Asker: 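The following block contains the structure, expressed as structure tokens.
Scope of the values below: all heavy atoms of this structure, side chains included, with no hydrogens, waters or symmetry mates. All values reported here derive from a predicted model rather than from experimental measurement. Residue numbering restarts at 1 for every chain, and letters A, B, ... go by the order of the sequence lines.
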Amino acid sequence: MSTPVVTKPAPDAATVARPTVGQRLTAFMPVIALVVLLAALTVADPSFLTQSSLTAVVRTAAPLVVLAAGATLVVLCGGIDLSIAALCSLGTVLFAMWLPDLGGLTLLAVVAATGAIGALQGLAHVFLRIPSFIVTLGGMSIFGAVALVISDAGPIRVVDREATHWLTLYLAGVLPMAFVVALLVVAVVWTVQRFTPLDSWIRATGYSESAARLASAPVDRVKVAAFTVSGACAGLAAVMLVSRNFSGSPTMADNLLLPAVAAIVVGGTAITGGHGSLWRSLAGALVVTLLRVGLPIVGVPSAYEQILYGAIIVAAVALTLDRSKLLIIK
Amino acid sequence: MSFRDTGPLIALVVIVGIFAALSPGFRTLSNAQNIMDAAAVLAVVTCGVTFVLMMGSIDLSTPGIMGASAITVALLVANNRNDNELGLLGVALAILVAAGLGCLSGLALVLLKVPSFMTTLGVSAVGLGVATLLFAGVQPNISDGTLSGWAVDRFLGLSTLTWIAVACVLVGWMVQRYTRLGRYAFAIGGAEEVLALSGVNVKPYKVAVFTMAGAFYGLGGVMVTSQLGAGLVQAGRGYDFSAITAAVVGGTLLAGGRGGVLHSTVGVLLVTVLTNGLVLVGVSPYWQGGVQGLIVVAAVAAAVIPQRRRNQVTK
Amino acid sequence: TEEAAGDDTGDAGAATESCDPSEVTLVGQVRNESNPYEASWLDGGDAFAEQVGLSQERLTYDGDSTRQQEQISQLLAGDTDCLVMNVLPNGDSDTPPIVEGAEEAGAFLVTQWNKPADLAVTDYDSWLSHITYDGVDSGKQIGDALAEAIGGSGGIIALQGILDTGAAKDRFAGLEESLAGNPDVELLDDQTANFSRAEALDVTKTLLTKHGEDVKGIWAANDDMALGALEALEQAGRTDVAVVGIDAVPDALTAIEDGTMTATVSSDGPWQGGIGLAIGYCVATGELAVEDIAAEDRAWYAEQFLIEQENVGDFVAPETSESDFACDNLFSRSQGAIS
Amino acid sequence: MNMQIEPEQRATAPVTALEVRGLVKHYPGVKALDGVDLVVRQHEVVGLAGENGAGKSTLLKALVGLVRPDDGEIWVRGEKVRLRSVVDAADHGIGMVFQEQSLVPNLTVAENIVLGSEGLGVRRGVYRWDAMRRLAQEQLDKIGSRIDPLARTDTLTFADRQMVEIAKVLRIEERTSHPPVIILDEPTSVLESKEIDALFTQVRRLREFASVVFVSHRLDEVLDVCDRVAVLRGGQSVGELPTADAAPDQLHRMMIGSTGSDDHYHGAAVEPPAEPREPRLVVRGLCGRTFRDVDLDVHAGEIVGIVGVHGSGREDVCRALFGAEPTTAGEVTLDGEELDLSGTRAACAAGVGYVPAERKTEGMVGPMSVADNMTLTKQEARCSGPLVRPRKQAKLVDTWIQRLSIRTPHRGTPIQRLSGGNQQKVVLARWLVSGDVRLLLLDHPTRGLDIGARSEVYRLMRELASSGVATVLLADSLEEAIGMSDRIVVMNDGRATTEVDAPVGDKPTPLDLVKEMV
Ligand SMILES: Nc1ncnc2c1ncn2[C@@H]1O[C@H](COP(=O)(O)OP(=O)(O)OP(=O)(O)O)[C@@H](O)[C@H]1O
Ligand SMILES: Nc1ncnc2c1ncn2[C@@H]1O[C@H](COP(=O)(O)OP(=O)(O)OP(=O)(O)O)[C@@H](O)[C@H]1O
Ligand SMILES: [Mg+2]
Ligand SMILES: [Mg+2]
């Protein structure tokens, strides 16, 4: 194809619009929120800010980080995955059941299985055109039932702890392995997303699905992939929980759903899709974990703890959300 | 009427037909009453959530608001914890507290510009905290005759609670159809930016919708208290997702601008019939949740089949 | 990588270098304070703490297993030398990680209610004792009481607790034992109402429509569900159905007094809240050595009573006395080791 | 009511309705307005002309209080005002019909018309549907429209919705005792010629009792309907032109600041496609939701225009060929191979490109950068292997920004900050970056483009055609269709009814086509 000849002069040298200080700051808001919260907790109870205490926090946060990271992809595509927690519970049961037979391969098997289940939900969403909210809400109750039935409605002990022992180790004596794995998940997914066209596709899908489709972006495949990764992350989080609890149980992770979604939103990712990132969810998950464990430990009574929790997550989102990317807040 | 509107109704009829065929117990009049009674609280709560969904927002504050209003009402009417005996005034005050909490979600949404998903999640936690504070370790049991009577007294075969729910649905429908608040809520879901271009300040309406929703949840909390004879902090547990499910199953769009109170009520009946029918048919308790999830997905899938092949966006 | 070095682990023999009584930290952890039974448990803990001039740190985890683990691990990351924990694990599967964590950190731990059967307390040094009520026995006792109340024959329905908890399973097993002994009592239906009053109301209403007049009695795995069933009966206008539950919550006792409910089984919240801390406190301060606790007192059934109308008066206001928590009287309520 | 103003009164010295002095508005990296002056007198239709991005919309938005100017003054009837909101502007008698339609789709026509100032239609928050319908009917009567006030707005045609908007904006009359100023920002860009005629009738009627500010990129229209045209260039006022004896060329020269070329449509003759060759695109008996038995041949290097009125189904045929609309029957081959119509991916892989008409919602992803929008389709153009190479992308994008003279501060600027015309260029560029498109489906590709940008698009289309691309064009106007196409297919009620050859030098007249269309 020959080059079109254009007679008009090129526009004046394009001036680069540099981000203002304010814009730069919004990008770091999740981290700022995290630091402020940590400072506040330290003021409330100076003994909270110890190395062992921080180690415990990140160890605790690891499964939540992984869960939130996976679901972030779905949220970025404009959907939501409400099944992550139930799928994670199912994952713990599967892990505990398969470990005696599969040994070292169990981790891969569980991640593959939950990934496949996630993909199935993605396919149902894409091909049946059911809103992701409904597909995954249905998935939530179905996985709950399956987990209940196959586990015979009870926890399954994991006797062979060797398989998950490595997750309970510490890197350099302070960094829990589980958290390292969580960081790795975030880093790998972020890198893949960042350096391939995926980033464009995901954001285009999230901001404007029909435009993305008409630009022949692989919208359906991207969505299914997002659900698959979300499912796989639920599986990985399940293994982390098993390594911590030495058992699998059909309801083990059910209560992590709202914290995980909260982590995503607290990180500043737009719940309507398009804008956000995985590392924001990482910071968000740490904030949520600090609130969950920090408030009671520094001695806030349980009733006030809930009130504070409610107020602080709202305040955190008020801080972290980059509103310049969102025209309307729903 | 499009298939989108009638689809859930057809699904309801089909499911009722199937259960009626499978279970003789389902076919009885007393079971019909039972279903209506069981649907009452969910119907009231769903009324509230429908207006929020219609705007394209979401509301997860139900458990907290219902818990707070349940405890409040239990402590204000005749009870075993204190000497209050405010009767219906107590009910009104509890609903006022609930509306206040709802207002809080709305204010946080429009003033702090935090998405409703988060503000309502936060308000739910605040509500539960307030409820726990008021609970103070001792279960408040109500001895107020009127309130306890709501669950027991029947008129034309239906309990007072059911009639309250019917009234709420009617009021909800009128608000949606005949008031500026309802129509604007609908319009906000359709095209919020256009309202701004037309010189409408949408903020007060958003706050008002959340406040109204809060009032509905508050009434729901009062109704649970009347049913259980005691104020429970957990009075609203699970109502967040079940109300949203009911609304969506009934054809109210999560993205807003579509559906309404009547749609949602069909959804409520559908969900309630399912719960009731599965027990009567004798599905194992282990499987009930799963079967219910499957049917909900199937029902929504069936409802969207007619428009499935359009190049339409599903989120 | 290497093993955790982060914790300033007191070694397992912490008991030998005993703590100054004023340095002991007392922690009580239950699901939530919005449940009268568990609130009374924490109050019992407070009462004990006051008795020894300390205060109790009240933790609640809202019935959320992960949150419980998170709190425990955060707690154990702090100063654990003289830490005493009286914990209600959310489920059987939550006990092992708590125990392992406490063992590693050298914190004194007493658990109640939930423990996997094959986890032996004697294998640990920091896990001082596990206390529970015999669920099979209580399920059977109220089953028998129910059978008697309906005159030895007729249909009953059962409301199960949260299906994957040991308590729910044991209690239901007890009902099955009771049914075996009362061949004329027929179990018409069993459904779960998740230990919840509201769910029990709905399920009972549905089951009443399903079985109608055939229902002569309702067996509920706890009092909350029994109270929900009572509401359902009232709304259905049925007064001929006997209801039994477990836990002896105040409302159930009132109902038994009134005669609307048949029986329940006591579990003494305030005592449970105090005794766990007391055992830990006695070991921490060196008044009791772990080695001196008899094997049968490491995992034991606490005394429980069937409460019916004739003896309900004795239980309306459960009280704990200082003597209950004296270091030489800790195991007086034992009904024997958990088999 | 101002309807009764006597003609004599109008003939006397015209009163200034609105005056703008030295208006300035900065956006990050752009000076959208840079000291604009404008005078609008009563009972006058003032045209506003300027290239894409000249600042027309920004100026108008400032007049209705949606944009807060950084500097400058706005005077209404001799009084200096500060407009903070749409309501403020309405109180001063200024109302606007926006460039993108702005009605709430799920409300009734009546509600939309009274939205924001329901007056008697709502009493104490309660709707009185009767009163509301009457209010709306009054407005609709004013412009002689027969739309049912209780119809849901999203069931109306585009043209009807435009009428509703005008009816709506006329309500500001009730807020002031003075003749209102009605602003129309590109109202014709989405209308058919018949509808445009109707609109112009309305505009002339409006002049009787109001002032009108009118923006369009179709210069003949501007000259036709306006009394006077003000020209903006780069955010500055560059002059005025009485329309009485002006020609489009003259106006165009003012807009671009130099003597521009005025070959709008066919420039240089293009060799006619070699007939004996097999057509590149062969469509036989294609059926879908809104069209039946469509046959269509397009040769390589040929531009085929499809014309038809609203609802003729031509848009859906295009979408179907791109796999974005289901088909029920028919065969489609591209270069002899069967074309997979199952989805947009397959079509794109086969070398089909599509530029949708609805730029805002379907053409572009607003918050994403110009660069990302441009490379959204042909990712391989900026990747090596699976990896994105930011440098490669930057180079590629910058080249195309230059080639198409896209006015953007930077390739990283979100596309939604660009003016409409520049957005469209980015969307077009999307299909050009890899150079492997064989069939290009263009749905109103020049909608909202200024005359310069338009002739660039035309040139681009020509270039593409001569390099062998087969093009299907749904033109913005009949003239455009005739000028650009080698052959024209007329669609009527879902069927392709007639085919007219349109070789250079032997073009059919618009009238010929209109006869076939209805
Ligand atoms: N919200 C905004 N943020 C940043 N820049 C903007 C914004 N709106 C407009 N601009 C810039 O201001 C300039 C003027 O835009 P405007 O929309 O007024 O042009 P226009 O004359 O209406 O063009 P068109 O004919 O394409 O509609 C453009 O360069 C545009 O990129
Ligand atoms: N999503 C839809 N649902 C129902 N009917 C539709 C839909 N989209 C289009 N139609 C109808 O299908 C018919 C064909 O519409 P289409 O937009 O293809 O016409 P067109 O000839 O392309 O018009 P234009 O001149 O604006 O390009 C119209 O009657 C239109 O109202
Ligand atoms: Mg413009
Ligand atoms: Mg069209």
Side-chain angles (χ1 to χ4, degrees), chain A residues 45 47-48 50-57 59-61 63-64 85 92 96 147-148 151-159 166 168-177 180 241 243-256 259 289 292-294 296-297 299 301-303 305-306, chain C residues 1-9 27 29-34 39 42 55 57-80 90-101 105 114 116-119 160 162-166 168-169 192:
Chain A
D45 179 0
S47 68
F48 188 77
T50 62
Q51 178 248 309
S52 63
S53 173
L54 293 183
T55 299
V57 167
R59 191 178 88 108
T60 292
L64 193 64
T92 64
L148 213 54
S151 67
D152 206 12
I156 303 177
R157 291 281 299 287
V158 170
V159 188
W166 62 278
T168 61
L169 299 178
Y170 290 76
L171 199 64
V174 289
L175 208 52
M177 208 55 180
V180 173
L241 286 180
S243 81
R244 218 160 74 176
N245 285 20
F246 319 119
S247 66
S249 132
T251 53
M252 183 175 281
D254 285 4
N255 285 305
L256 285 182
T289 306
R292 274 161 67 87
V293 301
I297 295 296
S302 109
E305 178 203 332
Q306 302 199 51
Chain C
T1 59
E2 54 181 84
E3 284 287 333
D7 307 330
D8 44 344
T9 324
V27 177
Q29 190 194 37
V30 295
R31 297 196 181 95
N32 42 51
E33 294 198 44
S34 59
L42 288 183
S55 66
E57 192 174 335
R58 298 162 72 115
L59 294 181
T60 56
Y61 54 88
D62 206 20
D64 175 349
S65 298
T66 21
R67 190 143 171 218
Q68 175 172 41
Q69 299 301 335
E70 293 168 8
Q71 282 180 3
I72 297 272
S73 88
Q74 204 62 43
L75 195 62
L76 294 175
D79 186 3
T80 55
N90 196 33
D92 285 1
S93 56
D94 298 306
T95 310
I98 297 173
V99 169
E100 308 253 338
N114 298 315
D118 54 352
L119 197 66
Q160 293 216 52
I162 297 172
L163 291 174
D164 67 339
T165 59
K169 287 184 179 167
T192 174

Asker: Identify the two heavy atoms, one from C:Ile162 and one from C:Ala168, that lie closest to each other, and give their separation to 0.1 Å.
Answerer: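 Closest approach of C:Ile162 to C:Ala168, heavy atoms only: O-CB, 3.3 Å.
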Asker: How far apart are the closest heavy atoms of A:Val293 and C:Gln71, and which atoms are they?
Answerer: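 In terms of heavy atoms, the two residues are closest at CG1-N, 4.0 Å.
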Asker: Which bit of A:Glu305 is near chain C, if near means a heavy-atom gap under 4.5 Å: side chain, backbone, both or neither?
Answerer: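 Just the side chain, heavy atoms under 4.5 Å.
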Asker: Heavy-atom distance under 4.5 Å to chain A: side chain of C:Arg58, backbone, both or neither?
Answerer: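 No part of it gets close to chain A.
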Asker: Side-chain donor-acceptor pair under 3.5 Å between C:Thr66 and A:Asn255, yes or no?
Answerer: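 No, because no side-chain N or O of C:Thr66 sits under 3.5 Å from a partner of the opposite role on A:Asn255.
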Asker: Listed by chain and number, what are the salt bridge (Lys or Arg N to Asp or Glu O under 4.0 Å) partners of A:Arg292, not counting sequence neighbours?
Answerer: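 Partners of A:Arg292 under the salt bridge (Lys or Arg N to Asp or Glu O under 4.0 Å) test: C:Asp64, C:Glu70.
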Asker: Is chain C contacted by the side chain of A:Leu241, its backbone, both, or neither, given a heavy-atom distance below 4.5 Å?
Answerer: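 The answer is the side chain of A:Leu241.
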Asker: Looking at C:Gln68 and C:Asn90, what are the two nearest heavy atoms and their distance?
Answerer: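 Of all heavy-atom pairs spanning C:Gln68 and C:Asn90, the closest is OE1-N, 2.9 Å.
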Asker: May I have the step-by-step check of side-chain hydrogen bond (donor to acceptor under 3.5 Å, both in side chains) for A:Gln51 and A:Thr55, ending in yes or no?
Answerer: CA-CA 6 Å; A:Gln51 178 248 309; A:Thr55 299; 3.2 Å; yes
Asker: Please look at A:Ser47 and chain C and tell me whether the side chain, the backbone, both or neither of the residue comes under 4.5 angstrom of a heavy atom of that chain.
Answerer: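 Neither the backbone nor the side chain of A:Ser47 comes within 4.5 Å of chain C.
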Asker: In terms of heavy-atom pairs under 4.5 Å, which option from C:Ser93, C:Ser73, C:Gly63 contacts chain A the most?
Answerer: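 Between C:Ser93, C:Ser73, C:Gly63, the count favours C:Ser93.
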Asker: Only pairs of heavy atoms separated by less than 4.5 Å count here; which of C:Val27, C:Leu59, C:Asn32, C:Asp118 has the most with chain A?
Answerer: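 The candidate making the most pairs under 4.5 Å is C:Asp118.
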Asker: Considering the options A:Leu169, A:Thr168, A:Val158, which one meets the side-chain contact (heavy atoms from CB on, under 4.5 Å) requirement together with A:Ser243?
Answerer: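 Going through A:Leu169, A:Thr168, A:Val158 one by one, the side-chain contact (heavy atoms from CB on, under 4.5 Å) with A:Ser243 is satisfied by A:Thr168 alone.
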Asker: Chain C heavy atoms under 4.5 Å from A:Asp254: which part of the residue, side chain, backbone, both or neither?
Answerer: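 No part of A:Asp254 comes within 4.5 Å of chain C.
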Asker: Picking from A:Thr289, A:Val57, A:Thr50, A:Leu54, which has the most non-hydrogen pairs under 4.5 angstrom with chain C?
Answerer: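 The candidate making the most pairs under 4.5 Å is A:Val57.
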Asker: With a 4.5 angstrom heavy-atom cut-off, which part of C:Gln69 approaches chain A: side chain, backbone, both or neither?
Answerer: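 Answer is side chain: those atoms of C:Gln69 sit under 4.5 Å from chain A.
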